[in-house]
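One structure below.
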Amino acid sequence: MHAVAFENVTKTFRRHAGRELLRDRAAKLLKRPPRETFYALRNVSFSVPRGESIAIVGRNGAGKSTLLSLTAGLCRPDEGRVIVNGRVAALFELGSGFHQDLTGEENLKLNAALLGFSRRRAAELFDEIVEFSGIGDFINEPLRTYSSGMVMRLAFSVAINLDPEILLVDEVLAVGDAAFQEKCFDRIHRFRHMGKTMVCVSHDIPMIEKLCHRAVWLDHGEVVMQGAAAEVLGAYTGRTMAAQAGA
Amino acid sequence: MSGRAESGVPQGRSGEQSGSAGVRAASEPAWNGDVLFLMWSLITKDFKVRYRNMSLGVFWSVLNPLVLMGVLTFVFTQIFPNPTPHFPLFVMCGLVPYNFFVVAWISGTTSLVDNAALIKRIPVPREAVTLAAVLSNVLHLLIQIGLLFGLVFISGLSANRHWIWLPYIWAMEIIFVCGLSLASAALNVGIRDMRYVVESANTVLFWAVPVFYSFSMVPQRFKELYQYNPLAALILAMRTILIDSAPPRWELLAKLTFSSLVVFGLGAAVFARIKPKFYDYL
């Protein structure tokens with residue numbers, strides 16, 4: 001049983017999509033310009049068996065974040081199928097629902113509701129989340145008095161406590177100080193040992209090698225290579241090094 | 001790569017067809033949390049954020065309509081004298097529904113764009129964001145209705161049994177604003193000047209609903225049409241109940257209910273249709 005599977009997934013974005021004013025719309029009705037489409041992902045297929053961890057690597061703009069957004073159900077593919085079996089928690093752009101004027105506690109509860117906790121569960125986990133974040137008495141202060149590291153710690157602590165079956169991680173493991181990072185890794189290792197699935201995007205190759213079984217290498221929205229983490233990452237780092245040497 | 005051969009195909013069908021070919025596994029919705037807790041959290045967040053940094057806080061919601069009531073009363077009793085009895089109360093019966101309508105519709109309209117970071121990162125039900133933005137104005141409304149009751153007693157009138165209609169007519173009004181907001185919020189994602197369309201519509205409405213003039217002055221041929229506007233219907237019902245101490249007429253209630261439910265249905269349909277494109281446009 002696959003936890004996550006992409007079958008020939010294509011996702012396009014229209015250039016200059018959104019932020020259009022009425023006059024642009026009106027102008028378009030009169031003369032239809034050719035639609036410029038941009039392929040964020042092109043015919044991508046891969047699957048992650050339950051209990052495995054997969055890394056997505058590639059340069060900036062390769063389509064990694066789009067892939068995670070599709071997995072999280074934030075958008076839909078234009079072509080192909082995205083299959084997800086299990087409760088997903090996404091650790092990316094942590095603190096998206098946070099508000100500067102609310103206290104840590106208020107933000108924590110709001111974020112818990114946004115991520116899908118029930119009222120009871122949020123109340124049960126409250127102490128544990130605060131404890132894990134190490135925020136201490138600051139929990140009753142407005143968020144604008146927090147350092148950016150503290151905000152990230154709070155956000156990470158809420159998300160990791162959601163107890164998901166599938167964890168999506170986007171470059172957020174560089175959260176907080178060394179001690180807190182240690183705690184995060186510990187938590188993610190435990191998560192893996194519980195037989196849960198992880199999809200991980202990062203530029204930190206040594207870290208990915210430690211965390212993931214398999215890897216997919218994306219370039220300009222297409223799969224260049226996929227397979228065992230060591231092989232793919234070896235080829236990927238070889239290529240980037242060669243590109244740097246060539247330049 | 002093997003995909004290249006097919007890559008020309010999706011051009012024309014992107015967007016529209018995402019319902020058939022590109023569905024996620026339907027068995028597993030992306031977000032299966034506690035909707036009531038979510039709504040409550042979003043509503044209280046909006047309310048706290050709005051009032052936390054104001055020294056007079058909630059008092060603004062009392063002060064603002066009182067000032068407008070004072071000005072309108074001065075103009076329409078001193079400059080253009082008119083025979084309407086209990087004029088301050090009469091104006092307030094128009095202002096409170098109108099103010100709620102304007103503020104709630106604007107905050108509903110901009111809700112999705114204001115919460116773009118949320119929409120793009122967390123698969124919360126999108127409807128909840130817009131509905132919570134509208135409903136967060138309800139507490140504010142309750143305070144203003146309290147003010148209106150105070151004014152009833154100051155005017156020498158008293159509570160009567162027809163007040164039991166008030167929750168019903170207000171519920172219809174809220175349903176109406178929710179429907180309008182669902183449509184305008186979704187449209188605002190793709191067409192960003194929707195906000196100004198809404199603001200202009202509100203200006204027109206201030207004159208087109210009987211806020212400071214009486215329904216009896218409206219020419220006969222417009223009267224029928226007038227009552228299909230839920231905002232006008234609400235104001236008329238409020239005056240009948242609070243000033244005339246009479247029950248609202250059933251035709252008026254029927255029109256109010258009909259228009260509100262139809263608008264809500266249409267709004268929800270527009271929202272559902274545009275929803276799959278939110279991610280791309282925000």
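Reminder, nothing fancy here: chain letters follow the sequence lines and each chain counts from 1. Values below: every heavy atom of this structure, side chains too, minus hydrogens, waters and symmetry copies.
Put simply, CG on A/L74 and CZ on B/R121 are 7.0 Å apart, with the number rounded to the nearest 0.5 Å. Rounding to the nearest 0.5 angstrom, the gap separating the CG atom in B/D46 from the NE2 atom in A/H99 is 8.5 Å. The distance from the NZ atom of B/K277 to the CZ atom of A/R76 is 12.5 Å, given to the nearest 0.5 Å. Note that CG of B/L38 is 6.0 Å distant from CG of A/L114, once rounded to the nearest 0.5 Å. Separating the OH atom in B/Y281 from the CZ atom in A/F13 is a distance of 12.0 Å, to the nearest 0.5 Å.
In terms of heavy-atom proximity, B/F37 sits nearest to A/S118 at CD2-C, 3.7 Å.
Contact tally against chain A (heavy-atom pairs below 4.5 Å) for B/V35, B/L118, B/L36: the top residue is B/L118. Annotation: maximal heavy-atom pairing with chain B below 4.5 Å, among A/A113, A/A112, A/S45, A/A5, occurs at A/A113. When each of B/N188, B/V113, B/N115, B/D34 is scored by its heavy-atom pairs under 4.5 Å with chain A, the top score falls to B/D34.
Only the backbone of B/I119 comes within contact range of chain A, with heavy atoms under 4.5 Å apart. Contact annotation for A/L115: both backbone and side-chain heavy atoms come within less than 4.5 Å of a heavy atom of chain B.
A salt bridge between A/K11 and B/D280 is present, with a side-chain N of the basic residue lying under 4.0 Å from a carboxylate O of the acidic one. Ion pairing between a basic and an acidic side chain is recognised when a charged N comes within 4.0 Å of a carboxylate O; B/K45 and A/E106 show no such pairing.
Atom CZ of A/R50 is surrounded by more than 12 heavy atoms from other residues, nucleotides or ligands within 6.0 Å. Heavy atoms of other residues, nucleotides or ligands lying less than 6.0 angstrom from OH of B/Y196 number 12 at most. For A/R120, the CZ atom is loosely surrounded, since the number of other residues' heavy atoms within 6.0 Å does not exceed 12. Counted within 6.0 Å of CD on A/E231, heavy atoms from surrounding residues, nucleotides or ligands total 12 or fewer; the atom is thus considered open. A 6.0 Å sphere centred on CZ of A/F46 holds more than 12 heavy atoms belonging to other residues, nucleotides or ligands.
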